[in-house]
Amino acid sequence: MSEPKPEQQPRLGALLPYLRQLRGLGRWYAASLVLGLLTVASTVALLALSGWFISAAAVAGLTPATALAFNFFYPGASVRGLALSRTVGRWSERVLTHEATFRLLARVRVWLLARLLPLAPRQLGVYHGAELLHRFMRDVEQLDGLIPRLLLPGISLFLVLGGVAGLLGFWIPAGALPPLALIGLFLLLPPLLWRLGRRGARGLVERRAALRRALIDAADGAPVLAFNGRAWGEFRDRALARSREAMQVQGRNDRLAALARALVTAAAGLAAWWALVAHGGTLDGPLLVAMVLLLLGVAEIAAPLAGGLVELPAIAHAAGRIEAIAGQEPAIVFAPAGPQPADGGLEIEQLDFSWDAHTPVLRDFSLRLAPGTRLFLEGPSGCGKSSLVQLLARFEVPDRGSIRLGGVPLEALDEPTLRRTLAVASQFAWARGGTLADNLRLAAPAASAAEMWEVLELVGLAATLRTWPEGLETWVQEGGQSLSGGQLRRLGVARALLRRAPLTVLDEPTEGLEDGAAERLVQQVCAWCQGRSLIWISHRPQGSGCFDQVLRLTPPGA
């Protein structure tokens with residue numbers, strides 16, 4: 001399966017759709033910012049005050065007179081207060097930030113799903129299923145580091161550095177230089193790390209996606225691969241190779257993050273050294289210790305942020321991958337609520353359709369199906385039977401011609417009306433992870449257990465189902481992997497019949513069935529659809545005698 005062309009480079013502009021989802025969450029993040037600022041300020045002040053208190057107490061204890069004059073209570077109470085405010089602030093900030101971030105991620109996933117649902121199957125079909133899952137899950141999760149680990153700590157750090165610069169500048173005029181130098185470093189660091197980490201970020205995101213594809217392919221094929229040791233070895237080696245590639249890129253990013261943290265720590269160390277050299281003779285010992293620890297405390301907070309800046313290109317690239325799929329315009333746009341079909345009658349006039357410019361599938365095809373008519377549509381593979389189903393379900397648009405359902409042009413129907421009027425059982429049967437009842441209620445949410453048993457009896461699943469202890473509550477694995485191919489196909493037919501739509505289309509419903517079982521299914525379905533329109537598509541002639549019309553399709557040019 002071909003994949004779309006990936007994003008060439010991470011772009012900060014790709015984060016805008018994500019940031020637009022912040023509406024209504026500003027108060028949560030504003031409160032988180034205030035608490036984060038309180039935490040950072042308390043941490044820096046606690047380190048500086050503790051250093052001053054310990055050194056001042058040591059100096060005061062040199063003589064009995066100074067020991068008696070030294071006030072232990074105010075500094076001790078301040079240390080306890082700062083420790084308490086740091087702990088409470090950090091806990092409260094984490095609670096608020098995580099709550100806001102979870103709400104934001106939920107919004108992003110709902111927004112992304114709303115953008116995906118209108119896309120035609122052909123638009124989604126260019127993506128591997130694991131790729132869609134990776135973008136919906138892992139790429140969205142990648143975004144959660146933007147605000148709590150980068151934006152909020154960065155704003156808090158700049159405000160604290162500004163406060164430290166003002167405090168030291170008021171205390172000693174030249175003392176504002178080291179904090180201002182750190183501010184300048186942090187202004188230069190993001191663009192530098194962006195340039196250094198942009199290429200590796202793209203590689204990391206793409207290799208993680210490739211690893212997920214390899215693992216899901218191996219998991220999906222495990223029942224078959226278990227009987228083929230050579231194929232299993234190839235899948236295993238492919239997954240391990242993708243894992244090694246991802247780990248190599250992750251290692252490069254980790255080294256870059258370590259370098260960024262080391263740079264900040266070294267800068268803070270130089271600032272502390274400058275304070276010692278420049279003011280060692282002008283300040284008493286405890287105050288000098290407080291200044292040095294104040295600068296080193298800033299580094300302790302700034303170093304994790306510097307390492308986190310390395311993740312920004314990966315976050316932007318993940319946002320770009322989400323934007324690439326969510327930014328597509330739907331190939332098929334349904335009309336707003338409008339006219340309702342009068343019945344299940346179908347009129348097709350001079351229909352042309354091709355999957356590409358060189359391979360016509362249907363040419364000048366016309367069909368009139370009166371309400372309540374049962375049509376048997378046969379023909380060899382490649383003659384356009386399944387393509388006609390795609391056109392009727394409006395997953396594709398014809399190149400020329402018109403389709404009218406119940407007297408209304410197909411393009412004039414809104415999607416709920418079309419899905420309510422037309423029930424389709426594709427030849428590629430599918431089941432969601434859930435119970436059998438859950439899968440049947442996809443077609444008829446209000447269906448009772450008696451109605452479900454009735455339709456299961458009709459398609460020949462009831463006898464098997466009664467041998468299962470949990471009956472309708474039997475769990476079906478995602479994709480129907482816990483069912484046989486025939487059971488899955490019959491479940492798809494049962495789901496379409498349960499809809500009781502004015503027009504039902506069944507594509508190859510007897511595939512894989514014995515002749516006798518296929519004959520019984522045809523007769524029972526025809527009786528079930530009495531009074532409603534039915535199109536039965538098959539290349540097998542069993543039971544064609546109970547249909548009102550028989551139409552044979554031939555490939556164009558045959």
Side-chain angles (χ1 to χ4, degrees), residues 12-49 81-108 111 140-168 176 179-180 182-191 193-194 257 260-261 264 268 294-295 297-316 318-319:
L12 286 175
L15 294 170
L16 291 178
Y18 173 71
L19 295 176
R20 291 192 189 102
Q21 305 301 317
L22 287 171
R23 295 189 185 96
L25 297 176
R27 289 179 295 178
W28 288 83
Y29 282 118
S32 300
L33 176 61
V34 172
L35 290 170
L37 182 61
L38 172 66
T39 302
V40 173
S42 298
T43 300
V44 175
L46 177 62
L47 189 60
L49 180 59
L82 288 172
L84 182 62
S85 66
R86 176 180 179 272
T87 303
V88 173
R90 174 61 68 193
W91 182 86
S92 303
E93 181 266 334
R94 289 295 175 90
V95 170
L96 288 179
T97 303
H98 280 73
E99 178 66 22
T101 302
F102 289 149
R103 294 188 180 203
L104 180 58
L105 294 181
R107 283 187 181 184
V108 172
W111 166 81
V140 173
E141 289 174 2
Q142 186 88 32
L143 299 177
D144 70 0
L146 177 63
I147 296 176
R149 292 202 295 268
L150 292 179
L151 291 183
L152 294 183
I155 294 173
S156 299
L157 179 64
F158 275 106
L159 291 176
V160 168
L161 281 174
V164 170
L167 175 63
L168 294 181
L180 292 177
L182 290 176
I183 291 177
L185 174 63
F186 265 93
L187 290 176
L188 296 175
L189 202 57
L193 293 178
W194 174 269
R261 290 191 292 268
V264 170
L294 188 66
L295 295 172
V298 171
E300 181 183 352
I301 299 169
L305 177 61
L309 285 172
V310 178
E311 299 179 11
L312 183 58
I315 293 173

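By the salt bridge (charged side-chain N to carboxylate O under 4.0 Å, His left out) test, R94 pairs with no residue at all, sequence neighbours left out. With sequence neighbours excluded, no residue forms a salt bridge (charged side-chain N to carboxylate O under 4.0 Å, His left out) with R107. Legend: residues meeting side-chain hydrogen bond (donor to acceptor under 3.5 Å, both in side chains) with R261, ordered by chain and number and at least two apart, are absent. By the side-chain hydrogen bond (donor to acceptor under 3.5 Å, both in side chains) test, E99 pairs with R103, sequence neighbours left out.
Here the side chains of V298 and L161 are in contact, with some heavy-atom distance below 4.5 Å. By the 4.5 Å heavy-atom criterion applied to side chains, L146 and L19 are counted as neighbours. Side-chain contact check for L305 versus L150: some heavy-atom pair is nearer than 4.5 Å. Using a 4.5 Å heavy-atom cutoff, the side chains of I315 and L15 are in contact. Considering only heavy atoms from C-beta on, D144 comes within 4.5 Å of R149 through its side chain. With contacts defined as side-chain heavy-atom distances shorter than 4.5 Å, the pair W194/L309 does not qualify.
The shortest non-hydrogen separation linking P153 to I147 is CD-O, 3.8 Å. Pairing each heavy atom of A14 with each of A316, the nearest pair is CB-O, 3.9 Å. Nearest heavy atom pair, residue G162 against residue I183, reads N-CD1, 4.1 Å. The minimum heavy-atom distance linking V264 with A302 is given by the pair CG1-CB, 3.7 Å.
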Only pairs under 3.5 Å count here: list side-chain donor-acceptor contacts from residues 31-42, not counting sequence neighbours, and write none if there are none.
from	atom 1	to	atom 2	distance (Å)
S32	OG	W28	O	2.9
S32	OG	T97	N	3.4
S32	OG	T97	OG1	3.2
T39	OG1	L35	O	2.8
T39	OG1	G89	O	3.4
T39	OG1	R90	N	3.1
S42	OG	L38	O	2.7
S42	OG	S85	OG	2.9

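Between V160 and the choices V44, T43, I155, the side-chain contact (heavy atoms from CB on, under 4.5 Å) rule is met once, by V44.
The CG atom of L152 sits 8.0 Å away from atom OG1 of T101, with the distance rounded to the nearest 0.5 Å. Here L185 contributes atom CG and L180 contributes atom CG; the two are 12.5 Å apart, rounded to the nearest 0.5 Å. Here the straight-line distance linking atom CG of L46 with atom CG of L84 works out to 11.0 Å at 0.5 Å rounding. Interatomic distance, L143 CG to L105 CG, rounded to the nearest 0.5 Å: 7.5 Å.
Applying the salt bridge (Lys or Arg N to Asp or Glu O under 4.0 Å) definition to pairs two or more places apart or across chains, none involves residues 20-39.
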- Query: What's the verdict on side chain to side chain contact (heavy atoms under 4.5 Å, CB included) for L151 and Y29, showing C-alpha distance, side-chain angles and the deciding distance?
  - Reply: CA-CA 10 Å; L151 291 183; Y29 282 118; over 6 Å; no
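The number of heavy-atom neighbours closer than 6.0 Å to CZ of F102, taken from other residues, nucleotides and ligands shown, is 12 or below.
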